[in-house]
Amino acid sequence: MKAAVIVFPGSNCDRDLAVAFEAAGADVQMVWHKDTELPRDVDIVGVPGGFSFGDYLRCGAIAANSPICNSLKAHTDRGGYAIGICNGFQVLAETGILPGALLRNAGLKYICKTVGLKVATSDSAFTQGYNAGDVIDIPIAHHDGNYYADDATIATLQDHDRIAFTYTDNPNGARADIAGILSENRRVLGMMPHPERAADAGHGGTDGTALFRALMGALRPA
């Protein structure tokens, strides 16, 4: 599996994501946000967490206008895989790759802790390593993780089994307890919690490991 991790000014989880990909067996390249092209034959693009450009406007809004995001959108438009984590989820929403928006937490406070996530579907390359209904422990670290979409969009996500993860105890006010969603073709995942921070026993937990291993299996050449 060939993975590319985009690096924006203010990213603070880009190396963590690269390490998680590598531990699952991927060949990883870091891609600077001012680059205009992704590496050739890339299987999956990772948009990492952090505070891209300091999040001085809407979170992810400046990053969504970086040159590399044109290539990212072209990659997903032609069916390429991508994962956006935390700030990366915000970027995917700002580019229109995923629907909805990430608003300020309902409590208006930054939250950094481990939370319970319910696996809402196992029908995706990202979640096939779990069983639907499983509860896993994954860290969150965000100020603007309150997922919002209109009623019609929420209904579409629910009706088409595109909600990947929900919170067992909603920490931020997200509609329908949504912690992660899938694109229409199920090849793009956006999630606020950080599975790359739960992929090493030395960091306190490994519940995120199955996500990266599942990806490795799904994208391995026949």
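Since this is a predicted model, take the numbers as computed values, not measurements.
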- Task: Write out all pairs satisfying side-chain hydrogen bond (donor to acceptor under 3.5 Å, both in side chains) with one or both partners inside residues 170-180, taking only residues at least two apart or from two chains.
- Result: His142-Asn172, Asp151-Arg175, Tyr167-Asn172, Asn170-Asp177
- If you look at every heavy atom in Ala82 and Leu72, which pair is closest and at what distance? CB-CD1, 4.3 Å
- Note on the structure: The complete set of side-chain hydrogen bond (donor to acceptor under 3.5 Å, both in side chains) pairs with one or both residues in residues 112-125, sequence neighbours excluded, reads Thr121-Asp161, Ser124-Thr127
- Is there a side-chain contact between Val45 and Ile6, using heavy atoms and a 4.5 Å cut-off? yes
- Besides Leu103, the hydrophobic cluster formed by Ile, Leu, Val, Met, Phe, Trp and Tyr side chains linked at under 4.5 Å, directly or via other members, contains Tyr148
- Message: With rounding to the nearest 0.5 angstrom, report the OG1 to CG distance, Thr76 to Leu92.
- Response: 8.0 Å
- Considering non-hydrogen atoms only, spot the tightest contact between Val5 and Asp14 and give its length. CG1-O, 3.7 Å
- Item | Asn12 CG to Ser52 OG distance, which is reported to the nearest 0.5 Å | 10.0 Å
- Message: Under the rule for side-chain hydrogen bond (donor to acceptor under 3.5 Å, both in side chains), what residues qualify as partners of Ser183, not counting sequence neighbours?
- Response: Asn185
- Reference residue Cys86; test side chain to side chain contact (heavy atoms under 4.5 Å, CB included); the match among Glu196, His194, Met191: His194
- Message: To check you understand the geometry: which heavy-atom pair defines the closest contact between Thr166 and Ile163, and what is its length?
- Response: CG2-CG2, 3.6 Å
- Mind checking what makes side-chain hydrogen bond (donor to acceptor under 3.5 Å, both in side chains) contact with Asp150, not counting sequence neighbours? Thr153
- Message: I'd like to know if the side chain of Thr168 and the backbone of Gly116 have a donor-acceptor N/O pair within less than 3.5 Å.
- Response: yes
- What's the spacing between Leu189 CG and Phe89 CZ if we round to 0.5 Å? 8.0 Å
- Message: Measuring only between side-chain heavy atoms, which start at C-beta, is Cys13 closer than 4.5 Å to Ile85?
- Response: no
Under 3.5 Å, which donor-acceptor pairs do the side chains of residues 18-44 form with other protein atoms, sequence neighbours left out?
| unit_1 | atom_1 | unit_2 | atom_2 | d |
| --- | --- | --- | --- | --- |
| His33 | ND1 | Ser66 | OG | 3.1 |
| Asp35 | OD2 | Trp32 | N | 3.4 |
| Asp43 | OD2 | Lys2 | N | 2.7 |

- Message: Using a 4.5 Å cut-off between side-chain heavy atoms of Ile, Leu, Val, Met, Phe, Trp and Tyr, which other residues end up in the same hydrophobic cluster as Phe51?
- Response: Tyr110
- Note on the structure: CG (Leu102) and SG (Cys59) are apart, to the nearest 0.5 Å, by 8.0 Å
- Qualifying salt bridge (Lys or Arg N to Asp or Glu O under 4.0 Å) pairs, either residue in residues 74-95, two or more places apart: Arg58-Glu94, Lys73-Asp77
- Identify the heavy atoms of Val91 and Cys69 that sit nearest to each other, and give their distance. CG1-SG, 4.2 Å
- Message: Return the CD1 to NE2 distance between Ile68 and His75, rounded to the nearest 0.5 Å.
- Response: 11.0 Å
- Item | Which atom of Gly80 lies closest to which atom of Val188, heavy atoms considered | O-CG2, 4.2 Å
- Message: Tell me whether the rings of Tyr130 and Phe165 are parallel (<30°), tilted (30 to 60°) or perpendicular (>60°).
- Response: perpendicular
- Item | CD1-CG distance between Ile83 and Leu17, expressed to the nearest 0.5 angstrom | 7.0 Å
- Message: Show the nearest heavy-atom pair for residues Pro48 and Gly46, with the distance to one decimal.
- Response: CD-O, 3.6 Å
- Query: If two hydrophobic side chains count as joined below 4.5 Å and joins carry through other members, does Phe53 share a cluster with Tyr56?
  - Reply: no
- Hey, does the side chain of Thr156 reach the backbone of Ala152 with a donor-acceptor pair shorter than 3.5 angstrom? yes
- Item | Pair listing, salt bridge (Lys or Arg N to Asp or Glu O under 4.0 Å) test, anchored in residues 137-148, at least two apart | Arg104-Asp144
- Qualifying residues under side-chain contact (heavy atoms from CB on, under 4.5 Å), relative to His203, sequence neighbours excluded: Asp200
- In chain order, what residues pass the side-chain contact (heavy atoms from CB on, under 4.5 Å) check against Ala198, with sequence neighbours excluded? Ile138, Pro139
- Query: What pairs of residues pass the salt bridge (Lys or Arg N to Asp or Glu O under 4.0 Å) test when at least one of them lies in residues 204-213, not counting sequence neighbours?
  - Reply: none
- Examine distances only and state if a side-chain atom of Arg162 and a backbone atom of Ile181 form a donor-acceptor pair shorter than 3.5 Å. no
